[in-house]
Amino acid sequence: MGEGRAAGEEWARPEGGSGAAGEGRAALDAGEEWARAENVRELNIARWGLVPFWAKDVSIGARLINARVETAHEKPAFRRAFALHRCIVPADGYYEWQAAGGGSKQPHFIRPADGGVLAMAGLYAVWRSPDAAGGRLLSCTILTTEATDDVGRIHDRMPMLVEPERFAAWLDPDLTDPEEVRSLLVPAAEGRLESYPVSTAVNKVANNGPELVRPLPQMGTSSVSPLTLF
DNA sequence: CCAGACGTTGTT
DNA sequence: GTCTGG
DNA sequence: CCAGACGTTGTT
DNA sequence: GTCTGG
């Protein structure tokens, strides 16, 4: 997924009671502690860009905004979260840029065709931070997958979606086997999403607001002056 | 052993 | 061109 | 993804 | 924290 100026909330499910499996059994994972204390489903605000608990500073998050579903279970930066710290990131939709002529890009807004809310598969981390409120910083990343045919014309990658019937399993902290977790993630149904071109105002991150998701007034080909070709 | 990365997208 | 920040 | 910087000394 | 590369 190229980018989303998606809804900022994260629907997280902390890890459950059993001891941490795999690496770093004795590790000081702030996430474990937090999860044990609050072993309930929660709605939280999280910073976009995963900051693993072992990170020395938050800057690493800028490079960890997306995680490939094909490899997240084995990547050092993601595998722990994949097993233990899964979340759902709700969004009205996401943006993707389609290569146009002459190196230009046309942004599109992609959203559920049924008018609903997207449930994007995410991973979260809890990072001990002296600066953050409560001494911890919540961060998250979005899993990406190969785009389905309907939106694949715009871009070849898309966020991994979680179907409602799989919410419980996806958020289940006792489900830690990577293969089992992977099996929960199925391709979005064809026709699940719709898209339309939007203003390039979305290109500038300082811009934000409802105008970004407004459909671009479609100029019929016939109304384009020949002069615009030059 | 220590140092450095730990990631994806897309573009050349 | 490449890296960082948003 | 796009936009914007690409630098140091020393001070708020 | 853990892995890879030097």
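Here is how names work: the chains are called A, B, and so on, in the same order as the sequence lines, proteins then strands, and each is numbered from 1. Treat the numbers as computed from the prediction; the structure is a model and nothing was measured. All values below come from the heavy atoms of this structure, side chains included, with hydrogens, waters and symmetry mates left out.
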Item to check | Rounded interatomic separation in angstrom, taking CD1 from I60(A) and P from dT2(E) | outcome: 15 Å
Checklist outcome for this item: Ranking dC6(B), dT9(B), dC2(D) by distance to the side chain of N66(A), first place goes to dT9(B)
Checklist entry - Counting side-chain heavy atoms from CB outward, which of dC1(D), dG1(E), dG4(D) is closest to K204(A)? => result dG4(D)
Checklist entry - With rounding to whole Å, what would you report as the distance between dG6(C) and dA3(B) at their C1' atoms? => result 30 Å
Next on the checklist: Test of understanding: with side chain to side chain donor-acceptor pair (under 3.5 Å), list the residues that count as partners of T200(A), not counting sequence neighbours.
Outcome noted: none
Checklist entry - Can a side chain N or O of K105(A) be found less than 4.0 Å away from OP1 or OP2 on dC2(D)? => result yes
Item to check | Nucleotide dG5(C), atom C1' - distance to CG of D57(A) in whole Å | outcome: 14 Å
Checklist entry - Which atom names give the shortest non-hydrogen contact between T141(A) and N66(A), and what distance separates them? => result OG1-N, 3.2 Å
Checklist outcome for this item: Picking from dG4(D), dG7(B), dT2(E), the nucleotide nearest the side-chain atoms of R79(A) would be dT2(E)
Checklist entry - Does R157(A) have a side-chain nitrogen or oxygen under 4.0 Å from the phosphate oxygens OP1 or OP2 of dT9(B)? => result yes
Next on the checklist: Please give the distance between the C1' atoms of dC2(B) and dT9(D) as a whole number of Å.
Outcome noted: 33 Å
Item to check | Whole-Å gap separating C1' (dT8(B)) and CD (E96(A)) | outcome: 12 Å
Item to check | Protein-nucleotide distance (K56(A), atom NZ; dA5(B), atom C1'), rounded to Å | outcome: 10 Å
Checklist outcome for this item: Result for side-chain contact (heavy atoms from CB on, under 4.5 Å) between Y95(A) and one of I110(A), V213(A), N203(A) points to V213(A)
Item to check | L50(A) CG - dG1(E) C1' separation (whole Å) | outcome: 14 Å
Checklist entry - Between T176(A) and V181(A), does a side chain to side chain contact (heavy atoms under 4.5 Å, CB included) hold up when you go through it step by step? => result CA-CA 7 Å; T176(A) 58; V181(A) 173; over 6 Å; no
Checklist entry - Does the pair V151(A) and E96(A) meet the rule for a side chain to side chain contact (heavy atoms under 4.5 Å, CB included), with working shown? => result CA-CA 9 Å; V151(A) 291; E96(A) 207 60 87; over 6 Å; no
Next on the checklist: If we check ring-ring contact (aromatic ring centres under 6.0 Å, His included) with H85(A), which of these qualifies: F53(A), Y124(A), F78(A), W127(A)?
Outcome noted: Y124(A)
Next on the checklist: Looking at E211(A) and R214(A), is any side-chain nitrogen of the basic one under 4.0 Å from a carboxylate oxygen of the acidic one?
Outcome noted: no
Item to check | For atom CG of L64(A) and atom C1' of dG7(B), their distance in whole Å | outcome: 5 Å
Checklist entry - According to a strict under-4.0 Å criterion, is T144(A) in side-chain N/O contact with OP1 or OP2 of dT9(B)? => result yes
Item to check | Stems formed with participation of DNA chain C [Watson-Crick or G-U wobble, under 3.5 Å, three or more pairs] | outcome: C:1-6 with D:1-6
Item to check | From dG7(B), dG6(C), dA3(D), nucleotide with atom closest to N203(A) side chain | outcome: dA3(D)
Checklist entry - Base, sugar-phosphate, or nothing: which does R68(A) touch, judged by heavy atoms less than 4.0 Å apart? => result sugar-phosphate
Checklist entry - Considering only the P atoms, how many Å lie between dT8(D) and dG1(C), rounded to the nearest integer? => result 24 Å
Item to check | Touch class at under 4.0 angstrom, heavy-atom based, for T71(A) against every strand present | outcome: sugar-phosphate
Item to check | Integer-rounded Å distance: dG7(B) P and L143(A) CG | outcome: 13 Å
Checklist entry - Rounding to a whole Å, what distance do you find between F53(A):CZ and dG1(E):C1'? => result 5 Å
Item to check | Same-atom distance (C1') from dT11(B) to dC1(D), integer angstrom | outcome: 13 Å
Item to check | From CG (D114(A)) to CD (E194(A)), nearest 0.5 Å | outcome: 9.0 Å
